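Okay, so here's the structure we're looking at.
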Protein chains: 2
Amino acid sequence: MRIGQLAEATGTTTKTLRFYEESGLLPPAERMASGYRDYTDDAVGRVGFIHRGQAAGLTLAQIGQILRIREHGQPPCSHVRDLLGERLRELDAQIAELLALRETISQLHAQAAEPEPDTCSADEVCRYI
Amino acid sequence: MRIGQLAEATGTTTKTLRFYEESGLLPPAERMASGYRDYTDDAVGRVGFIHRGQAAGLTLAQIGQILRIREHGQPPCSHVRDLLGERLRELDAQIAELLALRETISQLHAQAAEPEPDTCSADEVCRYI
DNA sequence: ATGAACCTTCCAGTACAGTGGAAGGTCAAG
DNA sequence: CTTGACCTTCCACTGTACTGGAAGGTTCAT
């Protein structure tokens with residue numbers, strides 16, 4: 001399977017696949033006589049795993065960690081568990097932060113909804129911020 | 001006031017202040033005979049405004065827009081109102097996305113909390129993702 | 001034999017908000 | 001007079017996940 005076919009099968013681009021190889025997420029592909037990359041079918045699963053990892057909010061670096069553990073023959077389960085737990089805590093913090101920010105901005109926005117003030121003092125940039 | 005003093009007064013670094021100047025967020029400072037930047041007191045307020053804008057989740061580019069409108073003598077109020085409204089919509093979308101992601105990851109994590117499976121099929125990377 | 005579609009490598013750039021460091025100039029204290 | 005703290009410019013780099021393009025090689029159909 002050539003790189004364009006793998007790209008189509010996984011819904012990505014050839015650029016991205018080469019980038020994944022360079023980043024160590026995909027093992028260097030075998031080459032045909034022509035020099036073209038020659039992928040086996042399980043590359044599809046591997047790319048699918050990368051996409052599912054991304055959908056779970058993991059970074060490519062974290063996905064690469066899991067993949068490398070797997071390559072060393074160990075089941076990465078407990079590592080995955082840890083990563084997911086960590087990601088969950090990050091998400092909670094991030095959501096809390098955004099909710100607080102939403103509150104702040106919502107108030108600023110409500111104030112700014114008042115009619116244009118005829119006095120906007122020159123020594124401040126904008127009274128709403 | 002030299003750049004180091006302004007940096008201290010505003011809780012930032014000289015590097016960042018020069019970067020703001022280069023980005024058009026701060027007007028080019030007057031220079032002393034030595035070539036050192038010489039800031040007036042209102043620079044403190046201006047940097048404060050930049051920081052408040054950032055705290056409101058605006059990008060430096062957006063803050064720069066407001067600042068430039070202000071410089072043209074117009075009150076930026078209605079523009080600020082629009083920006084805040086836009087930011088509010090973005091935030092709502094972002095929060096909704098993160099909550100959905102949290103749901104997904106929470107489920108994956110719960111599955112991964114089960115004891116290490118003794119069969120982890122070799123043709124998949126990790127059953128949890 | 002020629003054109004299209006595919007592949008190769010390499011270099012560079014995107015957005016964002018800075019940060020790091022080198023090489024050199026200025027100023028006040030000791 | 002020298003030391004140290006401060007300032008100047010300029011260039012390059014950080015992290016993230018790609019994306020764009022140039023210059024050239026391969027394969028297949030016409």
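What you are looking at is a predicted structure, and each value in this text was computed from that prediction instead of being measured. In what follows, chains are A, B, ... by sequence order, proteins preceding strands, each numbered from 1.
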Any side-chain heavy-atom pair of B/Tyr39 and B/Val44 under 4.5 Å: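 Of all side-chain heavy-atom pairs linking B/Val44 with B/Tyr39, none is under 4.5 Å.
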
Check whether any side-chain N or O of [X] sits under 4.0 Å from OP1 or OP2 of [N], and answer yes or no.
X	N	result
A/Thr16	D/dT19	yes
B/Tyr20	C/dA17	no
A/Gln62	D/dT16	no
B/Gln54	C/dG18	yes
B/Thr13	C/dT19	yes

Grab the [atom1]-[atom2] distance between [X] and [N] for me, whole Å please.
X	N	atom1	atom2	value
A/Phe19	C/dT14	CZ	P	17 Å
B/Leu60	C/dT19	CG	P	11 Å
B/Leu6	D/dC7	CG	C1'	14 Å
A/Gln5	C/dC7	CD	P	7 Å
B/Met32	C/dG25	CE	C1'	14 Å
B/Glu8	D/dA5	CD	C1'	13 Å

Test: B/Glu90 and B/Arg87 ion pair at under 4.0 Å: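 Yes.
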
Could I get the full list of salt bridge (charged side-chain N to carboxylate O under 4.0 Å, His left out) partners for A/Glu8, not counting sequence neighbours?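 Applying salt bridge (charged side-chain N to carboxylate O under 4.0 Å, His left out) to A/Glu8 gives none.
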
Looking at DNA chain C, which of residues 95-103 of chain A put a heavy atom within less than 4.0 Å of it?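 Those residues: none at all.
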
Protein-nucleic acid N or O pairs under 3.5 Å, nucleotides 27-30 of chain C:
none

Evaluate A/Glu71 against A/Arg68 for salt bridge (Lys or Arg N to Asp or Glu O under 4.0 Å), listing each step before the verdict. CA-CA 5 Å; A/Glu71 240 135 56; A/Arg68 251 160 277 129; 5.8 Å; no

Give me the bend of the helix from C/dA1-D/dT30 to C/dG30-D/dC1, using the axes of the five pairs at each end, rounded to 10°.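 End-to-end axis angle: 30°.
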
Return the polar atom pairs (N/O with N/O) between nucleotides 9-11 of chain C and the protein under 3.5 Å, or none.
residue	atom	partner	partner atom	Å
C/dT9	OP1	A/Arg31	NH2	3.0
C/dT9	OP2	A/Arg37	NH1	3.1
C/dT9	OP2	A/Arg37	NH2	3.0

Is there a donor-acceptor pair closer than 3.5 Å between any side-chain N or O of B/Arg46 and the backbone N or O of B/Leu25?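 The answer is yes, because a donor-acceptor pair under 3.5 Å joins these two groups.
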
For B/Ile3 and A/Thr59, take the nucleotide of DNA chain D holding the closest heavy atom to each; which residue's nucleotide lies nearer the 5' end?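 Comparing both residues, the 5'-ward one is B/Ile3.
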
Enumerate the residue pairs fulfilling salt bridge (Lys or Arg N to Asp or Glu O under 4.0 Å) with a member in residues 10-35 of chain A, sequence neighbours excluded, ordered by first and then second residue.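 Only A/Glu21-A/Arg37 qualify under salt bridge (Lys or Arg N to Asp or Glu O under 4.0 Å).
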
